[in-house]
Student: 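Handing you a structure now.
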Amino acid sequence: MKYPEFKQPLNYAQVGTDILKWWQENGIFEKSVSSREGQPTFVFYEGPPSANGAPGIHHVMARTVKDIFCRYQTLLGKQVPRKGGWDTHGLPIELQVEKELGITKEDIGKKISIEDYNQRCRETVMRFKAQWDDLTQKMGYWVDLNDPYITFEPEYIESCWALLKKLYDKGLLYKGYTIQPYSPAAGTGLSSHELNQPGTYKDVKDTTIVAQFKVTQDEASEKLFAAAGDDLPVHILAWTTTPWTLPANTALAVGKNIDYVLATAENPYTHQKVAVVVAKVLLDKLVTVPNVGALAKQLEKDPLVQDPLKQAIATVESMRPKVVAEFKGADLVGIHYERLFGQDQGFPAFEGEERAFRVIPGDFVTTEDGTGIVHISPTFGADDFRAAQQADIPALLVPDADGKLGPIVDRTGRYVPQMGEFGGRWVKNYDGHDQSGADYKTLDESIAIRMRTNGTAFKTEKYEHTYPHCWRTDKPVLYYPLDSWFIKTTAVKDRLIELNKTINWKPESTGTGRFGNWLENLVDWNLSRSRYWGTPLPIWRTQDGTEEICIGSIAELEAEIEKAVAAEIMTHNPLRKPASSSPNEEADSQQPTANSSNKIDLHRPYVDDIFLVSPSGQPMYRETDLIDVWFDSGAMPYAQWHYPIENAEKFQKNFPADYIAEGVDQTRGWFFTLHALAVMLEDSVAYKNVIANGLVLDKNGNKMSKRLGNAIDPFATLAQFGPDATRWYMIVNAPPWDNLKFDPAGVTEVQRRFFGTLFNTYSFYALYANLDEFQTSEFDRVPHAELSELDRWVLSKLQSLVLEVRGHYDSYDPTKAARAIQDFVTDQLSNWYVRLSRRRFWKGELTADKRAAFETLQECLVVVAQLMAPIAPFFAEWLYKNMTDGMRAEAVAKNTPLAPESVHLTLLVEANEARIDKALEERMELAQRISSLTHSLRKKSVLKVRQPLQRILVPVLNESTREQVGKVEDLICAEVNVKHVEFLDDTSGVLVKSVKPNFKRLGQQYGPKLKVVGARIQQMTPEEITQLEKLGSLTVEVEGETYTLTTDDVEIRTQDLPGWLVATDGPLTVALDVTLTDELRQEGVARELVNRLQNLRKDSGLEVQDKIRVTLGNQQPELTAAVQSFGDYIRTETQALALDFAADVNGGVVLEFDDYNVPVRLEVATS
RNA sequence: GGGCUUGUAGCUCAGGUGGUUAGAGCGCUACACUGAUAAUGUAGAGGUCCGUGGUUCGAGUCCACGCAGGCCCA
């Protein structure tokens, strides 16, 4: 069986499609899993994509990263089941449907029923599934597409319910409120998506107030009063752009590390002298002092003022704030102050008031503007809410007519009646009332006036800033407390942090930084979404909220419905087929029911139409919220198996994941929800290793977008370059966690440089192996000990490569693995091993040496195929099959490592460390460097490589270098076309040495003196160097101090050979003997002739193995002499059976080289 | 505004624990080579290592403060 040969250039895309077809026909992916049955499992979780849009090139990136390690672990012998999945719920799908239908959320239930709307979502979400499946296959991402989990399926939702119930039973699910953007005019909460619509942020001019909060004198504040002195009242100043929130104030926040001052100043409205606390850097901004000159001029007009200037100075001085003390924010924490809008002034009391009105820390406090102290109203700010919660500060809530607690602003945007003189007033103009009257005051203005009057305002002014507005009503947004269901993640915060430390993050900083910080600042997980297409919250409540039930399964729901039917709260059980109805009637039914398709649908609206009965007999209604879609995806370790309803064993076997990978944008998404649920439900991590990959940008580093037209089409890319070059480029170019600048030119380069070289190497092997009808065997091989230096070298390198690449894959660094493989293939294997071994492959009979060359190259190619298989699975397969198909039958019969039909079914070779010969690798590097230096010298002397030279000289300072180079002398000679390598040592007396200070050592030893010592070393004389070498030490005197240098303090190297042309590379020096003898000249001529004849052969279209007869014109004596001396050589090289001279060469061509013009006739020898 | 991250040649990237002359590939220029040939070799041009301070005998590397890009979150 011959090795397949291919035309140059290879069609890599074709390789992809051919191999893909072969995989599919032979079920290779399935076998890669089934053949590992009974082996340890490597658990991988597929983060489900959403198929409502077309896949992009970044998906190729993300899925390549996923695929690599699953394939690698399979090569290690593990079983890697890979269940696919689809994320099907969520806002993007709703928005897409709304856009297509031309409706808004408000139309749902009016223009379109929830049922039809959800049906539309269901159809939309899988619209691009075919494209996704196609891409998945074409790019070679191995994942089970036949049995994916789908988040909208009832089993999946049921699992989510079961998990929610578990959390509920643990007391981790509760109803509370959270501060969200809210539009009073529209009466609805706004998503961050809606808030990010263009044009929502507008510049508005608002009344702003710097409020004075009067400090209570007690132990905590004593130091302030002591510093203020004179029985001055002490106030804390806080600035707000929303004065209407001041009556809801319950705390003040300071930055712990911010510097604050206590300063005496005058209140500009009451002219009362007060001591105020404010951030140090903001004091001068806050208190504006009039200009003395201007004030004096003004006072001159006043006849009562006797000395205007003196008076002006006195006034300004009295107004200028005086700093009397300084504090850190941390010193202020705990200080109490008096409520601004107290009960005594007609404002409502509230629960927990005794814990309110304290100074608390807040990490969001800045000194950008304001006072460096932030007024906190927990009901009207997200930061406020969080900081207050952490400091146990209550919110100011007042009861409504039903006794239900709520904020001081109602849902329409006006103050509740209890708000004293301001009761019932609009916070902002949400009803469009007339504002044109001369006496018209906004609520903010009224509050400002009141505060100026009663001395609680230090400053009021109009201020322009940007503020978000509702995109529908154009009215300002309120940050407002809205009901929500929460998962109490804060209860397990410490455990989340602790277990996170056991996860191997790539890159590490994402785990410690972005994710770690996120955990440190954890708040409870807000589960509620006021939407339609998603997993419904399985909680039913009585109207008054006193009784509730959390449903954990369909069976439980059925049972509860039965109770409700018995209690006559429901007429029938929609989950059960009515006993009376026949299948036909059901099919005819116009009214779709939850089980009309024979499958229970747990979505809205069906679950909304289910009412249950409470233990006390009250009807219970479902809480209308859906849950955050992130819960869906975070629940996939459980729900993909329909666990905990069933498949407990399967779940146990596949939890936690050994490995997951997604984009870094998932940090607070999937990475978090997986982790949180695993910790709360299983007290375990959900994944042990995780790669957070970066973005794919265009070649200029810009985000790809369809709008800008810079998006790369993944299908076109795969079709053009094939999947392997595309994948290889993405991985080799930058680590996955860095952003990738995708440049198609880079893919071309990878294709040419790496795949092209590898393909050439294979072609080279195939060509000559076929000529010799050689087929490598796994058994009958030339023993390793009998291999040539070069063979053993490349095999040593190969073993080192296996070690290195395994290490990189093991530590989830595919980029380093790819780079190591690429460097080996291009630099070592192709450009050194093959180049130097060329003639062994095509010269003469199939000797042991030739076989050794074939076998060595075969081993390298097969191992490379294995190593690259995770990254370039198609090409690796192609290479493996080409290299080993011919040995398969025997391999199968004897069950050897090459028995598997696919490289992806093999077991990755272990590095044979006994074959790693570091000394050999080292001396080969010497050979490479000496060759390079010699080439450089030839170039300088204008002596082409074809001209043989007598010798090169290599100065050696120690015996081991001499020995090392000696062993590779033949290789060097062949490579650079010289007859000998000669060594020069000290005894020759011609070496000129130089010395280089070892700064690292000297610095540690001499520190500051290093400079002078180093300079002195560089001035060392040859005699001193000799002395240092002989005695091992040298005493020198610099600037009056003596230093004893040892050989370790310097590096001695040869630098020059007087009279020779030399080249140096670090410690290596090479000189070239450029003397040409007649014999060398003749050999040079012979080589030229060989070269021209080879070209002629090639130009004449001869096959490599064709034999020829050559006739040369004999006019030139030198040429004749050369041919006579080197006739055998020429005949062998050109495969000439005859090489004759003739006076007249008819029908030939003329070869031109050097000074010769040689007529020549070349005939194919028929026998 | 906060957290994380990146910044080294025209481009893509390397540069353990600080060591004086900062590298590779591609691209460019020139020359050579040519049974691997859309390959290869040699040489050359090309750098304020983002900036400013600091620590140190010595900083691309450590520290601080900035600038610019990116992501996430407000």
Side-chain angles (χ1 to χ4, degrees), chain A residues 8-9 192 195 363-366 368 381-383 386 507 509-518 520-521 663-669 692 694-695 697 699-703 729 732-735 737-741 743 745-746 748-754 756-757 759-765 767-768 815-816 819 822-823 826-827 830-831 834-835 838-839 841-842 931-940 942-946 975-976 996-1004 1006-1014 1063 1090-1091 1093-1095 1097-1099 1102-1106 1133-1135:
Chain A
Q8 179 102 15
S192 58
L195 222 53
D363 51 15
F364 47 85
V365 179
T366 70
E368 289 289 304
D383 277 340
R386 187 168 48 86
S509 60
T510 299
T512 53
R514 184 179 288 206
F515 195 66
N517 289 342
W518 162 249
E520 294 288 344
N521 296 309
V664 67
D665 53 343
Q666 299 284 322
T667 308
R668 291 173 187 194
L695 268 65
L697 309 168
K699 63 176 179 179
N700 298 317
N702 299 312
K703 225 173 150 167
Y729 164 72
V732 85
N733 191 59
W737 40 89
D738 281 355
N739 289 345
L740 173 70
K741 291 180 195 163
D743 185 356
T748 309
E749 191 188 322
V750 157
Q751 198 176 51
R752 218 173 27 125
R753 183 165 174 72
F754 176 61
T757 306
F759 168 67
N760 276 339
T761 307
Y762 166 74
S763 297
F764 180 84
Y765 175 88
L767 174 65
Y768 292 110
T815 301
K816 285 193 169 143
R819 287 176 179 170
Q822 181 164 313
D823 288 348
T826 58
D827 295 347
S830 167
N831 205 24
V834 173
R835 191 152 59 90
R838 261 189 334 228
R839 47 196 304 121
F841 286 89
W842 50 265
S931 299
S932 174
L933 289 170
T934 309
H935 281 303
S936 167
L937 289 169
R938 277 184 171 273
K939 158 91 182 153
K940 277 184 200 150
V942 200
L943 283 165
K944 47 192 165 190
V945 181
R946 233 177 271 129
E975 169 65 9
V976 301
K996 184 178 168 259
N998 180 348
F999 285 103
K1000 188 166 185 171
R1001 199 182 142 80
L1002 290 169
Q1004 284 159 4
Y1006 299 117
K1009 304 282 187 193
L1010 170 132
K1011 263 187 182 151
V1012 289
V1013 179
V1090 167
N1091 166 243
L1093 288 171
Q1094 299 286 36
N1095 284 349
R1097 283 183 61 118
K1098 199 176 166 193
D1099 292 346
L1102 299 192
E1103 295 298 321
V1104 176
Q1105 69 275 23
D1106 288 339
E1133 290 296 306
T1134 60
Q1135 301 181 69

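Throughout, a chain's letter reflects where its sequence line sits, starting with A, and its residues are numbered from 1. Just so you know, these numbers come straight off a predicted model, no measurement behind them.
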Student: For Tyr768(A), answer base if it contacts any base atom (sugar-phosphate contacts may also be present), sugar-phosphate if it contacts only those atoms, and nothing otherwise; contact means non-hydrogen atoms under 4.0 Å.
Tutor: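 Result for Tyr768(A) = sugar-phosphate.
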Student: Looking at residues at least two apart in the chain, or sitting in another chain, which of them share a salt bridge (Lys or Arg N to Asp or Glu O under 4.0 Å) with Asp743(A)?
Tutor: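 Listed in chain order: nothing, the list is empty.
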Student: At under 4.0 Å between heavy atoms, what does Val834(A) touch on the DNA or RNA strands: base, sugar-phosphate, or nothing?
Tutor: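 Base contact.
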Student: Provide, to the nearest angstrom, the distance between the CG atom belonging to Asn998(A) and the C1' atom belonging to C57(B).
Tutor: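 It works out to 15 Å between those atoms.
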Student: Select one nucleotide: of C4(B), A14(B), U12(B), the one nearest the side-chain heavy atoms of Pro735(A).
Tutor: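 The nucleotide sitting nearest to the side chain is A14(B).
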Student: Applying side chain to side chain donor-acceptor pair (under 3.5 Å), can you list everything that pairs with Asn760(A), at least two apart in sequence or on another chain?
Tutor: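 Side chain to side chain donor-acceptor pair (under 3.5 Å) list for Asn760(A), sorted by chain: empty.
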Student: Produce the list of close N/O pairs, under 3.5 Å, pairing protein atoms with atoms of nucleotides 39-45 of chain B; give distances to one decimal.
Tutor:
| residue | atom | partner | partner atom | Å |
| --- | --- | --- | --- | --- |
| A39(B) | OP1 | Arg752(A) | NH1 | 3.0 |
| U40(B) | O3' | Asn831(A) | ND2 | 3.2 |
| G41(B) | OP1 | Asn831(A) | ND2 | 2.9 |
| U42(B) | OP1 | Ser932(A) | OG | 2.9 |

Student: Is any side-chain nitrogen or oxygen of Arg668(A) closer than 4.0 Å to OP1 or OP2 of C73(B)?
Tutor: no
Student: Can you name the residues that form a ring-ring contact (aromatic ring centres under 6.0 Å, His included) with Tyr765(A), not counting sequence neighbours?
Tutor: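 Checked Tyr765(A) against ring-ring contact (aromatic ring centres under 6.0 Å, His included); matches are Tyr3(A), Phe854(A).
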Student: State which residues pass side chain to side chain donor-acceptor pair (under 3.5 Å) with Lys944(A); sequence neighbours excluded, sorted by chain then number.
Tutor: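 Partners of Lys944(A) under the side chain to side chain donor-acceptor pair (under 3.5 Å) test: Glu1088(A), Asp1154(A).
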Student: Check every strand shown and say whether Glu749(A) touches a base, only sugar-phosphate, or nothing at a heavy-atom separation below 4.0 Å.
Tutor: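 Sugar-phosphate, no base atom in range.
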Student: Which part of the nucleic acid, if any, lies within contact of Ser763(A), taking any heavy atom under 4.0 Å across all strands shown: a base, the sugar-phosphate backbone alone, or nothing?
Tutor: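 Result for Ser763(A) = nothing.
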Student: So Gly1003(A), base contact, sugar-phosphate only, or nothing? Heavy-atom distance under 4.0 Å.
Tutor: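 Base contact.
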Student: Given that both distances must come in under 3.5 Å, which nucleotide forms a Watson-Crick or G-U wobble pair with G51(B)?
Tutor: C65(B)
Student: Please name the nucleotide paired to U40(B) by Watson-Crick or G-U wobble geometry with both distances under 3.5 Å, or report none.
Tutor: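 Check on U40(B): paired to A32(B), both distances under 3.5 Å.
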Student: Work out how far the P atom of A9(B) is from that of A14(B), and round it to whole angstrom.
Tutor: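 Result for the P pair: 13 Å, nearest Å.
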Student: Produce the list of close N/O pairs, under 3.5 Å, pairing protein atoms with atoms of nucleotides 65-70 of chain B; give distances to one decimal.
Tutor:
| residue | atom | partner | partner atom | Å |
| --- | --- | --- | --- | --- |
| G70(B) | O2' | Asn739(A) | ND2 | 3.0 |

